[in-house]
Number of protein chains: 2
Amino acid sequence: MRSSELPQVKALGLFETMSDQSFERLMQAAYLQTFPAHLTLIHEGVTADFLYVLVEGAVELYAAANGREETMAVVRPVETFILAAVLKDAVYLMAARTIARSRILLVPAADVRLAFEEDAAFARAIVSELATRYRGVVKEHKNIKLRSSVERLANRLIRYEAEQGGHGVLELPYEKRILASLLGMTPENLSRALRTLKPYGVLVSGSTIRLTDRKALETLAKPSAFIDVDAS
Amino acid sequence: MRSSELPQVKALGLFETMSDQSFERLMQAAYLQTFPAHLTLIHEGVTADFLYVLVEGAVELYAAANGREETMAVVRPVETFILAAVLKDAVYLMAARTIARSRILLVPAADVRLAFEEDAAFARAIVSELATRYRGVVKEHKNIKLRSSVERLANRLIRYEAEQGGHGVLELPYEKRILASLLGMTPENLSRALRTLKPYGVLVSGSTIRLTDRKALETLAKPSAFIDVDAS
DNA sequence: AATCCCGCTTGATTTACATCAACTCTCACC
DNA sequence: GGTGAGAGTTGATGTAAATCAAGCGGGATT
């Protein structure tokens, strides 16, 4: 694999500390591929053959049961996904599909496990990454169990606004129906929840949202470092 | 630390492959302590100073926000808890309290991180453990997002019955109010949910439950290897 | 420009679950 | 052996959110 995206991949927390040699070898086994939007990349229950690195685009991780389907997470570039299944040589617990046209690096699972054995720095990075992801899911789980849907939405808006520069404006990074599912609600309810937030200074115009009263919104949302913050 | 429980601890997936020397050193830094029931061991938001190994008893992991409090998991012997926080040298995301009188091994976090650096087998075991835990939370998250409370209860009963030998009888391993919170419902609703399961052969007598119609119960519960099974 | 499609919104209704309140039962404790 | 506290149950009621059903509006297709 040769490409201009390589430096971005190497810059990822997971890869940046590993030796250049190991990284080189790992990348030689990898494929960079472009997928159209709305293509299913991974099916639930299939053995994990690749570690995926999303270089460009957007990918939705989802799960289905009982005829229902819910979005579990949305992956944005540059980020890896389904690391745990690869390490355990197990079956994917979530399915994945592209939201938009995406450039994705596919690293064979066996090579990842080999590099883990041979490069101590990579092993350390993997542990750090896994622990962070673990904590991320725990936070998401707390989010669902402890907050109402309006509170979840409010906190999500606050987070997006901060990620996008903190200028009081935010752009929803994907369709509202996906956001709704991610927040554990129906599209209809997301629509209503946004209107509920209007008195708290949330002005919606399509996928652009302005927050004009942070104080009020935060009073409602009660953001918490133990639920909302991404890092560590 | 010297005690008759040491072999049980060494037998844990996390420790069994590590060198005797590293294990010895780790245990020398550790304390074995007995705590009474209903004692809070860990507060949310405090820096992780110890890796905990529950040797005997039962521990509830819970989280609070918005004046609400929910059980996130129940730890049973012999098992470790809050490994991710220890590895990241971060703050606990969940609080912990004993459900019953418990014997707990406290391993200083710094020693765990040191052993991780020095013992490659231990590093491997940690990755495996973390990945398994990660997948466990993902499953729990799917459980909450994709199933109704009655379905969650039905699957939980099926799981307990299997764990306890598959003889059609199971003992609830802790109080119903904790089970209710773990399943994301109120105690009142757990009570009612158990009654709605009566036509499916669920006979309740205190904390003892008999399952007399597995077929019917499974038809309702639709257990899934990607949500319910513990291993990998 | 007309048409279709699909995401989104809005309103009406239903449903699952929480809350509130009262009562029973068990068990620890004096 | 009586008393009180807390777990569990049951019933009545309230509420958040899902479902059902139209309709709107913007973008792609022809």
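Every chain is numbered from 1 and lettered A, B, ... according to where its sequence line falls, protein lines coming before strand lines.
- Place A:Thr186 and B:Lys176 on DNA chain D by their nearest nucleotides, and B:Lys176 ends up nearer the 5' end.
- In this structure, CG of B:Leu194 is placed 10 Å from P of D:dT10, rounded to the nearest angstrom.
- Applying the 4.0 Å criterion to OP1 and OP2 of C:dC8, one finds that A:Ser191 has every side-chain N and O outside that range.
- Looking at heavy-atom distances under 4.0 Å, A:Gly206 makes no contact with the nucleic acid at all.
- Atom pair B:Met185:CE and D:dG8:P shows a separation of 13 Å (rounding to whole Å applied).
- In the set D:dA7, C:dT19, C:dC17, the nucleotide with an atom closest to the side chain of B:Arg177 is D:dA7.
- In this structure, the nucleotide among D:dA17, D:dA21, C:dT19 sitting nearest to the side chain of B:Glu188 is C:dT19.
- Counting to the nearest Å, the C1' atom of D:dA17 and the CD atom of A:Glu151 are 14 Å from each other.
- Atoms NE2 (B:His38) and P (C:dA28) sit 13 Å apart, rounded to a whole Å.
- Atom NZ in A:Lys176 sits 6.0 Å away from atom CG in A:Leu194 (nearest 0.5 Å).
- Residue A:Arg147 places none of its side-chain N or O atoms closer than 4.0 Å to OP1 or OP2 of D:dA17.
- For the pair B:Leu183 CG and C:dA18 P, the computed distance is 11 Å after rounding to whole Å.
- In the set C:dT10, D:dG8, D:dG11, C:dT10 carries the atom at the smallest distance from any side-chain atom of A:Arg195.
- Between the CD atom of B:Glu175 and the C1' atom of D:dA5 there is a distance of 13 Å, rounded to whole Å.
- A:Leu146 has its CG atom 17 Å from the P atom of D:dA16, to the nearest Å.
- Classification of B:Glu44 and A:Lys142 as a salt-bridged pair holds, one side-chain N sitting under 4.0 Å from a carboxylate O.
- Proximity of B:Ser149 to the phosphate of C:dC17: a side-chain N or O atom is located under 4.0 Å from OP1 or OP2.
- As a whole-Å value, the separation of B:Ile144 CD1 from D:dA17 C1' is 15 Å.
- One finds a side-chain N or O of A:Asn189 lying less than 4.0 angstrom from the OP1 or OP2 phosphate oxygen of D:dA18.
- Taking all atoms of both residues into account, the shortest heavy-atom contact from A:Leu170 to A:Gln164 is CA-OE1, 3.3 Å.
- Side-chain N/O atoms of A:Arg192 include none lying less than 4.0 angstrom from OP1 or OP2 on C:dT10.
- Here the CG-CZ distance, from B:Leu157 to B:Arg214, works out to 11.0 Å after rounding to the nearest 0.5 Å.
- Salt-bridge check for A:Glu188 with A:Arg192: failed, with every basic side-chain N at 4.0 Å or more from each acidic carboxylate O.
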